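Worksheet: one structure, shown below.
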Amino acid sequence: MRAIFAWHEAWFATPEFAGCLFERALAEFGTDYPKISMIAIRYKTTMTSWMGDILTSLLPEQAAARTASILMILLDGATIDARAFRDPTVATRAWDAAKILIEQANARWA
């Protein structure tokens, strides 16, 4: 899971980084244009599912899915902040919060 956040930090630090194309498409078009929004939503759903799959090694499936959806929110927020403030380290702060959430969920289900 840490690698996902580390990848985002590396991406945020690149000169080409201009935010997430999927987030920007949703912000621009909303869900009024399904040909656009469905692709962006599929990306978010796929990422959340991948993280949920990783978390199932620690948590029951339902708890893993719920935690993964929160982690996706953290990544989305980190991406927006990185774009707004040109600060790639926001991904590390998002990871710090994610780690706490994962530890709490794991303690609850251990």
Side-chain angles (χ1 to χ4, degrees):
M1 192 63 64
R2 172 68 180 115
I4 293 170
F5 286 81
W7 182 91
H8 278 79
E9 185 163 339
W11 175 43
F12 298 163
T14 64
E16 308 76 41
F17 175 71
C20 176
L21 175 64
F22 300 113
E23 176 269 319
R24 291 171 67 190
L26 283 171
E28 179 78 20
F29 297 102
T31 56
D32 293 337
Y33 299 91
K35 287 184 179 182
I36 295 170
S37 63
M38 292 310 297
I39 293 168
I41 291 167
R42 188 174 337 133
Y43 158 76
K44 291 174 67 59
T45 303
T46 300
M47 281 292 296
T48 303
S49 178
W50 286 341
M51 290 189 290
D53 290 347
I54 292 168
L55 291 170
T56 57
S57 66
L58 298 172
L59 304 170
E61 189 173 334
Q62 190 173 20
R66 185 173 48 253
T67 303
S69 70
I70 296 168
L71 298 185
M72 191 67 214
I73 292 167
L74 286 171
L75 282 174
D76 285 343
T79 303
I80 292 166
D81 270 17
R83 182 171 154 220
F85 301 109
R86 306 302 292 163
D87 179 8
T89 64
V90 69
T92 296
R93 293 191 303 278
W95 169 246
D96 291 342
K99 193 166 43 171
I100 291 167
L101 290 170
I102 293 167
E103 289 168 356
Q104 287 176 347
N106 191 26
R108 181 174 182 208
W109 295 103

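None of the values given here were measured: they were computed from a predicted structure.
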Identify, with sequence neighbours excluded, every residue that meets salt bridge (Lys or Arg N to Asp or Glu O under 4.0 Å) alongside R66.
-> none

Could you pull out all residues at least two apart from D96 that satisfy salt bridge (Lys or Arg N to Asp or Glu O under 4.0 Å)?
->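 D96 satisfies salt bridge (Lys or Arg N to Asp or Glu O under 4.0 Å) with no residue once adjacent residues are dropped.
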
ILVMFWY cluster, [X] and [Y] together (side-chain gap under 4.5 Å):
{"X": "L74", "Y": "L55", "answer": "yes"}
{"X": "F17", "Y": "W7", "answer": "yes"}
{"X": "M47", "Y": "I41", "answer": "no"}
{"X": "W50", "Y": "L71", "answer": "yes"}
{"X": "L75", "Y": "I54", "answer": "yes"}

Please walk me through it: do T89 and R93 pass side chain to side chain donor-acceptor pair (under 3.5 Å)?
-> CA-CA 7 Å; T89 64; R93 293 191 303 278; 3.1 Å; yes

Go through the steps for E23 and R83 under the test side-chain contact (heavy atoms from CB on, under 4.5 Å), then give the verdict.
-> CA-CA 12 Å; E23 176 269 319; R83 182 171 154 220; 3.8 Å; yes

Measure the [atom1]-[atom2] distance between [X] and [Y] for me, rounded to the nearest 0.5 Å.
{"X": "M51", "Y": "T46", "atom1": "CE", "atom2": "OG1", "value": "11.0 Å"}
{"X": "Q62", "Y": "T56", "atom1": "CD", "atom2": "OG1", "value": "13.5 Å"}
{"X": "I73", "Y": "L101", "atom1": "CD1", "atom2": "CG", "value": "10.0 Å"}
{"X": "S37", "Y": "E28", "atom1": "OG", "atom2": "CD", "value": "13.0 Å"}

Indicate the atoms forming the closest heavy-atom contact of [X] with [Y], along with that distance.
{"X": "A63", "Y": "W109", "value": "CB-NE1, 3.3 Å"}
{"X": "A94", "Y": "A78", "value": "CB-CB, 3.9 Å"}
{"X": "P88", "Y": "A13", "value": "CB-N, 3.7 Å"}
{"X": "C20", "Y": "W11", "value": "CA-CH2, 3.9 Å"}
{"X": "A25", "Y": "I36", "value": "CB-CG2, 3.8 Å"}
{"X": "A40", "Y": "L26", "value": "CB-CG, 3.6 Å"}

Measure up the F5 and H8 rings against each other and bin them: parallel (under 30°), tilted (30 to 60°), perpendicular (over 60°).
-> tilted

Less than 4.5 Å apart, side chain to side chain, heavy atoms only: is that true for [X] and [Y]?
{"X": "I102", "Y": "M1", "result": "yes"}
{"X": "F85", "Y": "V90", "result": "no"}
{"X": "F22", "Y": "I39", "result": "yes"}

Measure from the side-chain N and O atoms of R24 to the backbone N and O of A18, and report whether any donor-acceptor pair falls under 3.5 Å.
->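 Present.
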
So E9 and T92, side chain to side chain donor-acceptor pair (under 3.5 Å) or not? Walk me through it.
-> CA-CA 7 Å; E9 185 163 339; T92 296; 2.2 Å; yes

